[in-house]
Structure formats: structure tokens, C-alpha cells
Amino acid sequence: MEDILNSLNDEQKNVILNNDNNVLILAGAGTGKTRVITSKIIYFIKEKKISPGNILAVTFTNKAANEMKARVQNYLKYDFDLMIKTFHSFCAYILRNEAFLVNRSRYFQISDSDDSIRILKKIINENKNIDNKNANYYYKLIQIYKQNLGKAVFKNIDFDNFKKIHDLYEEYLLKSNCFDFEDLISKTIEIFNKYPIILEKYKSRFKYILVDEYQDTNKSQFELLKQLKGDKNKILVVGDEDQSIYKFRGADINNILNFQNDFDDAKIIKLELNYRSTKNILETANSVIANNQLRLGKNLYSNKKTGSRIIVFNAANEFNEVEKIIEIINQKSFNLNETAILYRTNNQSRPFEQIFNKLKIPFVIVGSIAFYEREEIKDAISILKWIINPMDRISFSRFINKPPKGIGEKTLSLIFKESEKYDYDILKVLKNINKIENLSRKICKKLSDIYQIFYQANDLNIKTLDKLFEYYLEKLKIYEHYEIIDSKEGLDKVSNLKELASSVKNIDCSEEEILNYLENVTLSPVKDEDKGKKEKIKLLTAHNAKGLEFENVFIVGMEEGLFPSSKSMEDDFEEHYDEEERRLFYVAITRAKNNLVISYCLNRNLYGVFAERSRSRFIDEMPENLLQLNFYNQNVNNKMNLKNGDIIKHKEFGKGKIIKIDIINGKRVALVDFWDHSCFELFLDKVKLEKIDD
DNA sequence: CGGTAGACAGAGTAC
DNA sequence: CTGTCTACCG
């Protein structure tokens, strides 16, 4: 233990040695908070002789949880049951034990947002009398409603209409023996409220509750912590209000701002010594975030060198931006593996992918869970989900008609209706499929064939999950289904399915293992970053970059409307409307250890048309004396090198040919012969033209 | 029921 | 420009 304490600075030691209070550790970026939290756990176990089973540590990502677990176990050198989980997996754990109290079995499956939206689409289609809003809209409302534990918090919506859809959706989940993401939290709370004896069980078990990323907790997660926190146990939360960037999924920054009021004897300990970034980078970050009002306040300092200035440049458009970045990388000989490109929205990766591919520059898109969102992967997983939980309507609907065999909405409705006779067990419906009237002979035969596939699997005694996948994908003709689509796409899908199968070679086919696997896949799919360690540039969103660090960081697309995003600001027309976006920018800046480069485009293709952009307000908040500015303000039409004879497209006038380009009063004017109009003179700095190849 | 064409709307972050 | 929804036909 001495060695651990010695490796900590005074701020950090303070955390370890303070055990009498409920504590908020206000930990700035790069101040070693993971180290502190794991040291604390080790201290509890070794010095305070607290049994590992009495400690609960909650995080937001499985990655963080696993890291923490690994560090603690590595130090203590023996295996024990450490309850280090994400909010969602912790609640799933409780629900596996107590689900019957909310009318589910322990084999419940988790409906992800995609599944939930499918359910809502179905409901909307079947109830033509409801408001014609889309499924996404209702999904969002339902999540908010659940996060607020059933309090109607919305203004300006038809609550009765909403409630009707909500109730139908709940019924669907209930009959499917499923929970959605928010249910995991809210149903746990419901159980704790209804059955104090159950709550008491967990409350007395967890003597110490540690919470990571406290600034990201939402209303229901806060409520859950409040429930678990009794008179006798202590809570220690770690967070940074300046890194609260998950408002869109309900995170409430007030939880961290009000910690001292919410818990008695609460003490705040600040960690401000940053180990990550150069002084220049840190000072830039400090200046930017100082513009926020909603803060507890802290000022990071660094013992590292001053470092080079922050490069800020602009580019003609998003392709030019990529080219300039490549130039900088080459010029400065950045190590690709230590270089990250951060953007606000996922689709901004495109120009990078295109150009990197063309130039054979190795890259990886980090953190996209795209693999598990693919149609074919979800199909395959839905088969497993349905085996474990034969009530799961949404999973059943997903694979049953692939390849197409005439089983559509109508047949499904009949099957679901019939399932009422068997406690909603759809497998039993298939077993007795002949008993359904109004079902064509053909469909009946198909369904009973499918039943045979599932029935026979029992006799085969399949040992590992990959073999099980192979069996069903083969027998259900799903490989065939995708192979028949004679295109690259179909082949990609088959190879993705094979990849999925080979990723589960080591997983046993026991019910418990499969249950566990399905939960992991839904709550924390393995992300691409984990695969392969080859030298590659990382592409990722600023959100995904949280918690990571790189030698060299590029933050691109720093334009008004994009970063800060206009969408995000629509949500929030209050006083502090751009603060969340500023925090996100702050998170992005503080990822950089040594080199930081910021860029924006003068023009960007949106909806297929080039639109002029203006630079982000956040750029102007960076201290100019720390920057190396590289702006040019050449008009982009000039940059396009328009010349006589070029074919261009104008938004209003359509296509035309440039007859000549003149300079009038210092401005470039093009005379264009439009195909559908006569000739016009256009000031090139005023109009938006798109050059066309033909 | 399934496939497709053509209209239409729509760019945001994710457990 | 791209993905999604709708309407219609086989």
C-alpha cells in the first residue's frame, strides 16, 4: 500500500485518506482520476479490510469498468467478485434476480433503440388514429419519460396521445419479456420503491458506493444512487462538470453542481494537476471553458513544457481540409498511431475515408459500434435472443422472414395472437402451428420446418457458440439469402456473419454463457478500436474521444452550426445555450498531449450543395498569443479555378457554361450561358456555383 | 406478400 | 446527396 500512496500527489492522497465524508472528487481532464479511484478501492480492501463484495463501483462504459477491475485485481493478485459495473449492467444484474417482481423472467432480453423504434413503428402503423409523428420522436419522449420516472415533464405535447402509445409499447415489451435501456434503471428503482426489503438487501451490502463520470448521470441514475445510499454507507463520486457532454441522453449537470446539497457531510476535493498536456494546450483549454457559467470552477495546471503553439487553419472545403491535414502530418512526421482526428458528427469521417483510402493512408474509425448495428449481425443475434427468450417478438420478427417466405405483418399478428394461449411463448406456437386457423398450408409448412430446425438443435449437443451460429445461419438459409444477392454487399454481409461466428469460438453454449454474451453485446459491443494494433490514424467523434488521449490531435470542422451544432442549440434556448457544446470542445482540446491543430472550412457540401460557412465562435475564444494562425480568405469559387468553357451548376438557374470571366471593380464576374435561361453575369464572390464534370 | 420506383425529407452525440 | 417512406404492381 505504501507504494501506492507514494505514487500519488498530495491532491490524490487526500482523496485516499479521507473516509469520513461523502466526497465529490472534482477531477479535471488528465488529472489521473482512474488511478485515484482504483487506488481508493485497493485501499478499502487492503487497509480498511473491507470485503470486495461490500464495494460497488459504477461507471458509464464497460471499457472503463473493465480497466478498473483489471487494475485492482492486478494489484491485489487474487480473484474475487468485484462489483464494478456500468449503471445499465448493474441494474441488469439486479433485474436478473428480481425481474419476476415486474412480470419478467430472468431470461429477459434488452431491446436496443433500433428494436424499440421498430416496435413503435408497428404500433403507429396499427393505430392510424394517433398523431402522425414518427417513431423516433416517440422513442425519445418515452426515454425522457422513463428517465423522469413517469413524471410528465413535457410541454406542448398531447399527453393522452403520448400515453396511449407509451402504454401499447409497454405492453409489447411486457409480452416479449423484454426491457428497453431506460427500463433497466427505472424498473430497478420501481422494485426498490415497492419492496423496501429488496432495497435493504443491496443497501446493507454496499458499504461504499463509488461513481465514475458523475457529471453524466441522469435523473433516474441519481435516484438509484439516492436509494442505495443509506445512513450507514458512504458515497464517493468522481466527475468534472466541464466534461458533461451527454445532455442528449438525459445527463443532468445539476447532479454534480448540487452534490453538496444532495448528500450530507459532503466534501469536494479538487484534482487540478494535469499530467497530460503541454502548458499551451492546457491554457487554451482553460481560456475556452472559462466562458461557461455553469461551473464549480477549477483551474488546471501542468508541469510539462510549454510546447508548440496551437495551429489554426481554414480550408476551401472539407476535401481541402483533409489534404492540408495530411500535409501537416507529413511535414511534422507525426506518428500515425498517436494521431487522432476529432469531429462533431459521424458523417464528417467520409472525406477522410475517401482520401485516406485513395492515398493508402492507414486509418481506423474508433468507437463506431457499426458492426453490431448491421442488419445481418442483428439478424443473427436475434436468433440467439429468441432461443433464450422465446417470448421475444421483436427478435422473432427480425429473422423469421429471412429469406422471404411470405411471412409478413398478417402472419405475425396471427402468431402473436395465438401465443396468448401459451403464455406468449412463440416457440410453442410453432410447435402447434396446425392449430392456427386462417393460415395457408404453405406458410404452415414453412413454419413447422423452422420449428424442426430449432427442435433438432437440442439433439446435436452443440458445444460452442460459433458452431451454434453456423448451424442456424446454415439451416435457416441466411447465408444463402445473402449470397443470392449477387453483389459486393451480399458478400460483405456473409463475411460479417462469419466474422461474428469466429468471434465467439470460446463461448460455451450453456444458457448462462449465452445470456451473458447477449447482455454484453447489447450493452457494450466490442468497438473497432480494440481490433488490431497496426499503425493507424484514429478517426472519431469528440464524444467518443472522451477518456482517451493522443500525442497529436486535429479538431476539424470548427464551424458555426456544426461545432457548436445548431441542432444542439435548438434544444436549449436558455441562457446557457452553447455551454454543452463548449464543454465538448473542451473535452476535445484536452485529449491532446503535445500537438493540437484546429481547422474549419469556408465551404462545405450540405445536402449535395456547397454552402458557405463561418468559423466557430469557439475559435475566437482561444487566446491568440498561443495560436499559429494560418488563414486564407480566398473566395472558394476562385479556388475552384473556374475558367472559360467550364460547365457549372447554379441552384436556381440550373446548368450552364462559362463564356468569359472578367474583373469588374476588382471582383471576378463570370458571364454564364444557362441552358434553360439566357446569359447572366454573376459575381463570383456572391454566388454559389458547383463545377460539373461533363 | 414482396419488390421497386419515385417522392420526400433530412443531416447529432450513444448506453 | 442519401436514406427512408409510400404507392403501386406483379
Side-chain angles (χ1 to χ4, degrees), chain A residues 58-65 85-92 110-114 116-118 121 124-125 132 134-137 139-140 143 146-147 179-185 213 216-218 220-221 244-251 318 342-351 367-370 372-373 375 400-413 440 442-443 446 485 519-525 527 540-546 557 561-572 580-581 583-585 587-588 604-611 649 690:
Chain A
V58 203
T59 67
F60 273 87
T61 64
N62 266 46
K63 195 175 158 222
K85 285 182 175 289
T86 66
F87 271 100
H88 289 89
S89 63
F90 172 65
C91 289
I110 300 162
S111 159
D112 63 21
S113 33
D114 189 65
S116 291
I117 286 167
R118 274 167 187 255
K121 275 184 186 153
I124 292 169
N125 279 333
N132 70 350
N134 63 33
N136 279 299
Y137 169 82
Y139 178 66
K140 231 180 191 165
Q143 299 302 297
K146 290 184 175 182
Q147 280 165 11
F179 291 121
D180 69 14
F181 283 137
E182 290 310 326
D183 281 340
L184 296 176
I185 318 280
E213 308 280 14
D216 289 334
T217 51
N218 64 29
S220 55
Q221 288 155 349
S244 173
I245 56 172
Y246 285 107
K247 187 173 178 181
F248 71 91
R249 62 174 203 221
E318 65 268 33
L342 272 45
Y343 38 76
R344 179 65 181 78
T345 66
N346 275 309
N347 64 346
Q348 285 172 263
S349 67
R350 274 209 174 165
S368 109
I369 50 169
Y372 287 90
E373 280 171 358
E375 181 195 6
I400 192 64
N401 200 30
K402 287 191 184 174
K405 43 180 94 63
I407 299 169
E409 284 307 314
K410 235 186 189 134
T411 312
L412 283 174
S413 290
S440 74
K442 209 177 90 191
I443 302 263
K446 302 246 182 199
I485 309 171
E519 192 173 304
N520 285 336
V521 163
T522 316
L523 291 181
S524 73
K527 298 186 173 180
L540 62 168
T541 62
H543 279 90
N544 264 322
K546 185 147 157 234
L562 188 57
F563 205 160
S565 144
S566 49
K567 277 263 174 181
S568 129
M569 302 201 302
E570 276 166 24
D571 287 353
D572 195 352
E580 172 108 350
E581 293 286 306
R583 289 193 288 269
L584 184 56
F585 185 46
V587 167
R604 173 179 297 275
N605 200 322
L606 295 170
Y607 303 109
V609 179
F610 270 97
K649 189 174 158 191
E690 203 189 330

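In what follows, every chain begins at residue 1, and chains take the letters A, B, ... in the order their sequences are listed. The analysis underlying the following values was restricted to heavy atoms, covering all of them including side chains, and did not include hydrogens, waters or symmetry mates.
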Tabulate atom names and distances for all N/O pairs under 3.5 angstrom spanning the protein and nucleotides 1-9 of chain C.
residue: C:dC5; atom: OP1; partner: A:Lys121; partner atom: NZ; Å: 3.2

Looking for any heavy atom pair under 4.0 Å, which part of the strands does [X] touch: base, sugar-phosphate only, or nothing?
X: A:Ile245; answer: nothing
X: A:Lys405; answer: sugar-phosphate
X: A:Ser89; answer: nothing

If only side-chain N and O atoms of [X] are considered, is one of them under 4.0 Å from the OP1 or OP2 phosphate oxygen of [N]?
X: A:Lys247; N: B:dT13; result: no
X: A:Thr411; N: B:dC1; result: yes
X: A:Ser113; N: B:dA14; result: no
X: A:Asn544; N: B:dT13; result: no

Between protein and nucleic acid, restricted to nucleotides 3-5 of chain B and to nitrogen or oxygen atoms under 3.5 Å apart, what atom pairs and distances do you find?
none

Original post:
So, A:Tyr137 versus A:Tyr139, ring centres under 6.0 angstrom or not?
Top reply: no
Original post:
Can you find a pair of side-chain heavy atoms, one from A:Thr86 and one from A:Val58, that are under 4.5 Å apart?
Top reply: no
**OP:** Could you say whether A:Tyr246 or A:Asn401 is positioned toward the 5' end of DNA chain B, judged by the nucleotide with the nearest heavy atom to each?
**Re:** A:Asn401
Original post:
Measuring from A:Phe563:CZ to A:Phe585:CZ, what's the distance to the nearest 0.5 Å?
Top reply: 6.5 Å
**OP:** Mind checking the CG-CD spacing from A:Leu184 to A:Gln221? Nearest 0.5 Å is all I need.
**Re:** 10.5 Å
Original post:
Relative to the ring of A:Phe181, is the ring of A:His88 parallel (under 30°), tilted (30 to 60°) or perpendicular (over 60°)?
Top reply: perpendicular
